[in-house]
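Labels below follow one simple rule: chain letters A, B, ... track the order of the sequence lines, proteins then strands, and each chain is numbered from 1. Everything numeric here is computed off the predicted structure, so don't read it as measured data.
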Amino acid sequence: MKYDFKAIESKWQKIWEEKQTFRAENDYTKPKYYALVEFPYPSGQGLHVGHPRPYTALDIVSRKRRLEGYNVLYPMGWDAFGLPTENYAMKNHIHPEIVTAQNVARFKQQIQSLGLSFDWSREINTTDPAYYKWTQWIFLQLFKHGLAYKSEMNVNWCTSCKVVLANEEVVNGVCERCGGEVVHKVKSQWMLKITEYAQRLIDDLEDVDYIDRVKVSQKNWIGRSTGAEVNFKTTAGDTLTVYTTRPDTLFGATYMVISPEHPMIREKADLIKNMDEITAYQEAAAKKSDFERSEIAKDKTGVEIQGIRAINPVNEKEIPIFISDYVLMSYGTGAIMAVPAHDTSDYDFAKAFNLPIIEVVAGGDIEKEAFTDCATGVMVNSGMLNGLSVEEAKKKIIAWLEENGIGHPKVNFKLRDWVFSRQRYWGEPIPIVHCEKCGFVPIPEEELPLMLPELESFEPTDDGQSPLSKLDSFVNTTCPCCGGPAKRETDTMPQWAGSSWYFLRYCDPNNVSALAAKEALDYWMPVDWYNGGMEHTTLHLLYSRFWHKFLYDIGVVSCKEPYAKRTSHGMILGENGEKMSKSRGNVVNPDDVVNEYGADTMRLYEMFIGDFEKAAPWKDTSLRGCKRFLDRVWNLQDIVCEGDTYSQKLESSIHKTIKKVSEDIENLKFNTAIAAMMALLNDIQDAGSLTKADYRTLLILLNPFAPHITEELYEQLGFGGMLNEQSWPSYDEAKCKAATVEIVLQVNGKIKAKAEIDANASKEEMALLAKENDKMKQAMEGKQIVKEIVVPGKLVNFVVR
RNA sequence: GCGAAGGUGGCGGAAUGGCAUACGCGCUAGCUUGAGGUGCUAGUGUCGGAUUCGAUGUGUGGGUUCAAAUCCCAUCCUUCGCACCA
């Protein structure tokens with residue numbers, strides 16, 4: 001009989017559905033395993049061949065865990081709020097809710113055709129009011145704890161989407177989504193104080209098992225630095241505070257630079273003699289987008305403030321103050337002391353403006369470039385610091401600054417608070433009203449969910465107001481606090497809101513009185529293994545860790561970190577090695593692959609394509625190789641014979657393969673796990689026959705990768721029961737070795753011969769064998785052995801002279 | 001500029017001090033099939049000798065070692081991330 005993958009796959013998918021085979025049990029006494037993949041945004045394009053790569057990988061892990069006896073939770077859902085759906089709805093005059101439902105239906109059908117073992121009884125959708133009720137609830141808790149606030153902010157504004165973007169959403173100066181120009185705009189925005197958690201978000205990375213590159217980029221993004229704040233008196237009689245990571249170089253500070261937005265300029269305007277010039281520079285800087293600012297990064301621009309000078313506290317010298325857009329108001333104090341001899345940007349600026357450069361750390365050549373090395377330099381021209389190392393000097397100067405009330409140690413972060421408002425329709429309404437008398441008031445929790453109202457048109461207004469602002473019946477309300485007239489917040493939450501806690505909802509998806517029962521959370525959390533894209537490292541991953549830590553602080557969850565382990569997959573590229581996209585014409589549709597080759601071949605190929613963590617180009621011909629492998633596994637039926645033990649010829653091969661496959665799955669080495677099973681198949685065909693026991697083990701090993709064909713063969717061979725109810729096979733380390741091994745015989749490190757020997761042969765036996773070998777004798781003719789190296793089971797090497 | 005990952009056959013990739021190229025694709029030859037994106041067998045890094053041989057070979061140049069794709073130093077290139085963060 002031929003391998004009819006279509007019939008087999010639909011048969012088993014139906015059986016699994018009827019039997020609820022992959023339903024996670026609410027039996028909290030069993031050992032649990034929570035495997036998670038990022039839930040997709042159900043776009044109009046349908047599933048991409050990139051989606052199944054991580055889904056299949058953790059499906060393999062989940063299926064293996066079930067065979068190992070765990071109660072496994074492997075859920076799926078839809079991150080369905082967002083701009084593309086809204087834009088599509090606007091263009092085609094369909095309600096986003098309808099578009100979302102259509103897209104979800106298509107995605108679900110496509111995902112189900114792959115035979116992934118998701119527990120569909122726990123499916124969630126972020127646009128479901130029963131779900132976003134709890135997104136809003138979390139927001140209210142953040143508000144009540146002072147972590148959500150509204151503030152006038154200089155924000156990133158996408159001119160094409162007409163929407164505010166978080167810093168994380170601005171990529172190369174343009175909008176991450178549409179590529180539109182991003183400019184700065186001052187707007188009143190809801191903000192979340194993620195910065196309050198900056199230190200913990202770094203510290204707690206110690207306790208989790210994330211791949212290194214994820215930890216590194218999170219740390220870089222949070223950007224912790226240590227240094228000092230130093231107060232400089234000015235000739236205007238006030239104080240300017242700067243932040244520096246190099247207080248040791250204070251004696252080399254020859255000028256000061258403040259940001260164009262620094263408040264001092266307004267405050268001391270009457271003392272500034274060149275105000276026109278300053279204002280012109282400020283205006284030019286304000287107009288520039290971040291992209292333009294960084295494009296011209298190499299050429300330093302600025303204006304000296306005439307009329308006010310700063311006084312260096314260590315030597316009482318007056319130094320000039322400049323404004324320049326290379327100093328950002330949003331970091332540190334918006335003012336720096338410039339030490340051109342030991343900072344690259346200051347060096348460039350000093351060269352451009354012909355300012356003095358004083359060396360205070362010896363060891364470099366400041367004629368040529370700034371000397372920034374902290375490890376080797378020795379302090380010079382620095383009064384009391386002379387002769388000290390940089391590290392010693394830092395300590396000493398900070399102590400001196402503190403003693404004299406001039407400064408103190410300070411930690412700074414690059415991380416900014418999270419801009420949380422979007423002027424859009426298709427998102428969670430922010431559950432706050434504004435009352436003239438009471439200010440911002442949260443709506444009572446029992447009124448949640450605050451439903452997204454029906455609208456005629458989803459267009460944002462030209463002045464950047466949310467579409468909801470056009471609906472008076474929504475906007476006008478009464479204050480929950482005083483009962484007077486009040487207006488609702490009309491901005492909605494960003495797409496990242498719903499995905500910041502979704503892993504908690506899976507634990508108890510239908511709970512109406514809490515985001516999930518405490519008992520369920522305590523049992524399932526933390527997620528044991530979370531796999532997702534590297535592109536989410538600084539957005540979703542950081543945001544969700546922040547929310548989780550907050551929920552931990554208020555007692556909702558019992559673990560500090562949401563994910564015990566995080567891994568990441570590489571992208572699947574087009575056949576030409578470029579990113580798959582419609583415009584490049586290299587898109588592969590997963591439906592076509594499933595139709596032509598079957599889900600099992602598709603799954604196998606997605607895992608065999610290369611190193612899971614690296615990008616790999618799609619190749620149709622290699623797909624055929626995987627189909628061939630399954631055909632050959634199917635055809636083993638022709639040579640199988642009775643027998644409930646492993647056949648002698650294959651025993652060590654089978655033990656070796658169990659070990660290899662078991663270990664490789666845990667280490668993301670799916671490609672070599674498959675290669676090992678292919679090698680076993682080659683061994684079986686060399687042997688000419690196999691027992692049922694041999695076959696059975698091969699089927700169980702292959703089951704997580706190709707669940708349909710293995711389940712079918714298991715039934716046809718009459719083993720009884722379903723394969724997914726069996727146990728993962730174990731191996732015997734001793735039996736992984738063959739009885740005899742081939743060893744290599746070398747003279748001076750060059751291979752001269754090979755020989756069979758008992759696998760447990762002693763070093764002496766091996767050396768003797770080598771000495772008696774004709775080719776070895778020939779190679780050593782007339783020479784003296786000066787050293788014998790014997791590696792058991794591997795090689796013998798004689799060093800001769 | 002800073003940070004991370006990487007550079008191995010015609011291709012995807014194995015090998016983390018001990019037989020370089022496992023496994024798969026492709027290709028060559030033979031058999032099979034006889035309307036095929038079929039099946040089987042043998043071969044397939046390079047150069048030279050042509051049966052069972054010799055040399056050479058993991059970006060480049062040095063080094064450590066009996067032994068290096070693997071460890072160390074230098075250098076070039078590719079990809080990704082961050083980018084005036086004081």
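The base of B:C19 lies close enough to the side chain of A:K754 for a donor and an acceptor atom to sit less than 3.5 Å apart. Side-chain atoms of A:K300 and base atoms of B:C84 include a donor and an acceptor less than 3.5 Å apart.
Distance from the side chain of A:F608 is smallest to B:C23 among B:C23, B:C85, B:G6. The A:M678 side chain lies nearest to B:C23 when the options are B:C23, B:A20, B:A86. Among the nucleotides B:G18, B:A86, B:A14, the one closest to the side chain of A:K794 is B:G18. Here the nucleotide nearest the side chain of A:A616, chosen from B:G13, B:C23, B:C66, is B:G13. Among the nucleotides B:U56, B:A83, B:G18, the one closest to any side-chain atom of A:K750 is B:U56. With B:C23, B:C19, B:G26 as the candidates, the nucleotide lying closest to the side chain of A:R624 is B:G26. In the set B:G13, B:A86, B:G39, B:G39 carries the atom at the smallest distance from any side-chain atom of A:R628. For A:P617, counting side-chain heavy atoms from C-beta on, the closest listed nucleotide (B:G12, B:G18, B:C85) is B:G12. Across B:G6, B:C23, B:A86, the shortest atom-to-atom separation from the side chain of A:V327 is found for B:A86.
A donor-acceptor distance shorter than 3.5 angstrom exists from the side chain of A:R416 to the backbone of A:K414, with no hydrogens or angles considered. The backbone N or O of A:G533 sits less than 3.5 Å from a side-chain atom of A:E38, completing a donor-acceptor pair. Put simply, the side chain of A:H342 gets close to the backbone of A:F371: a donor and an acceptor are under 3.5 Å apart. Side chain of A:E765 to main chain of A:S762: a donor-acceptor pair is present (N/O by atom type, distance under 3.5 Å, no hydrogens or angles).
Classification of the A:H536-A:H540 ring pair by plane angle, with boundaries at 30° and 60°, yields perpendicular. Ring pair A:F612/A:H569 is tilted by interplanar angle, where 30° to 60° counts as tilted.
Contact annotation for A:N412: no contact, since no heavy-atom pair falls under 4.0 Å across all strands. Nucleic acid contact class of A:E788 (heavy atoms, under 4.0 Å, all strands): none. Within the 4.0 angstrom heavy-atom criterion, base atoms lie near A:E596. Across all strands shown, A:T537 has no heavy atoms under 4.0 Å from either base or sugar-phosphate atoms. Contacts of A:D212 with the nucleic acid, taken as non-hydrogen atoms under 4.0 Å apart, are absent. A:L795 comes within contact range of at least one nucleobase, with a heavy-atom separation under 4.0 Å. At the heavy-atom level, A:A338 lies nowhere under 4.0 Å from the strands shown. Nucleic acid contact for A:D631: none, since no nucleic acid atom lies under 4.0 Å from a heavy atom of the residue. The residue A:T621 sits close only to the backbone: its heavy atoms come under 4.0 Å of sugar-phosphate atoms, none of a base.
The side chain of A:Y331 contributes an N or O atom lying less than 4.0 Å from OP1 or OP2 of B:A86. Considering only side-chain N and O atoms, A:N797 lies nowhere under 4.0 angstrom from the phosphate OP1 or OP2 of B:G18. A:K660 has no side-chain polar atom (N or O) that falls below the 4.0 Å cut-off from OP1 or OP2 of B:A14. A:S217 has no side-chain polar atom (N or O) that falls below the 4.0 Å cut-off from OP1 or OP2 of B:C82. In this structure, A:N220 does not reach the B:C85 phosphate: none of its side-chain N or O atoms is under 4.0 Å from OP1 or OP2. Phosphate proximity of B:G12 to A:K619: absent, as no side-chain N or O sits under 4.0 Å from OP1 or OP2.
Each of A:F798 and A:V791 lies near RNA chain B, and the nucleotide nearest A:V791 is the one positioned closer to the 5' end. Of the residues near RNA chain B, A:S345 and A:I609, the one whose nearest nucleotide (by heavy atom distance) lies more toward the 5' end is A:I609.
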Task: Intermediate values then yes/no, salt bridge (charged side-chain N to carboxylate O under 4.0 Å, His left out), A:D631 and A:K627 - done: CA-CA 6 Å; A:D631 279 331; A:K627 174 70 170 25; 3.5 Å; yes

TODO: Show your working on salt bridge (charged side-chain N to carboxylate O under 4.0 Å, His left out) between A:E596 and A:K6 and close with a plain yes or no.
DONE: CA-CA 9 Å; A:E596 247 186 282; A:K6 274 197 183 151; over 6 Å; no

- [ ] Before giving the answer on side-chain contact (heavy atoms from CB on, under 4.5 Å), spell out for A:L542 and A:L415 the whole-Å C-alpha distance, their side-chain angles and the decisive distance to 0.1 Å.
- [x] CA-CA 11 Å; A:L542 203 61; A:L415 187 71; 3.9 Å; yes

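Remark: P of B:C80 and CD of A:E578 are 11 Å apart, rounded to the nearest angstrom. In this structure, A:W221 places its CH2 atom 10 Å from C1' of B:A83, rounding to the nearest Å. Counting to the nearest Å, the P atom of B:C84 and the CG atom of A:D325 are 11 Å from each other. B:U41 atom P lies 7 Å from atom CD of A:Q685, rounded to whole Å. Look at CZ on A:F705: it is 17 Å from P on B:C23, rounded to the nearest Å. Between the CD1 atom of A:I674 and the P atom of B:G24 there is a distance of 12 Å, rounded to whole Å. Rounding to whole angstrom units, CD of residue A:E613 and C1' of B:C80 are separated by 14 Å. Rounded to whole Å, atom C1' of B:A86 lies 15 Å from atom CG of A:L240.
Cation-pi geometry between A:K300 and A:Y326 is met: the NZ or CZ atom falls under 6.0 Å from the ring centre, inside 45° of the normal.
Spacing of P atoms, B:A22 relative to B:C76, comes out at 34 Å, to the nearest Å. The separation of B:G9 from B:G18, taken at their C1' atoms, amounts to 22 Å, rounded to a whole angstrom. Of the C1' atoms belonging to B:G63 and B:U70, the separation is 15 Å, rounded to the nearest Å. Only the P atoms considered, B:G36 is 42 Å distant from B:C53, to the nearest whole Å. Across the P atoms, B:C82 and B:U65 are found 44 Å apart, a figure rounded to whole Å. Nucleotides B:U41 and B:G48 place their P atoms 32 Å apart, quoted to the nearest Å. Straight-line distance between the C1' atoms of B:U28 and B:G17: roughly 37 Å, to the nearest whole Å. Separating the P atom of B:C23 from that of B:A15 is a span of 13 Å, rounded to the nearest Å.
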Task: Watson-Crick or G-U pairs under 3.5 Å in RNA chain B, rendered as dot-bracket with [ ] for crossing pairs and | for another strand - done: (((((((..(((.....[....)))((((((.......))))))((((....))))..(((((..]....))))))))))))....

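Two residues are said to be in side-chain contact when any heavy atoms from C-beta on lie closer than 4.5 Å; A:Y331 and A:F413 fail this criterion.
Because its glycosidic torsion is more than 90° from 0, B:G59 is reported here as anti.
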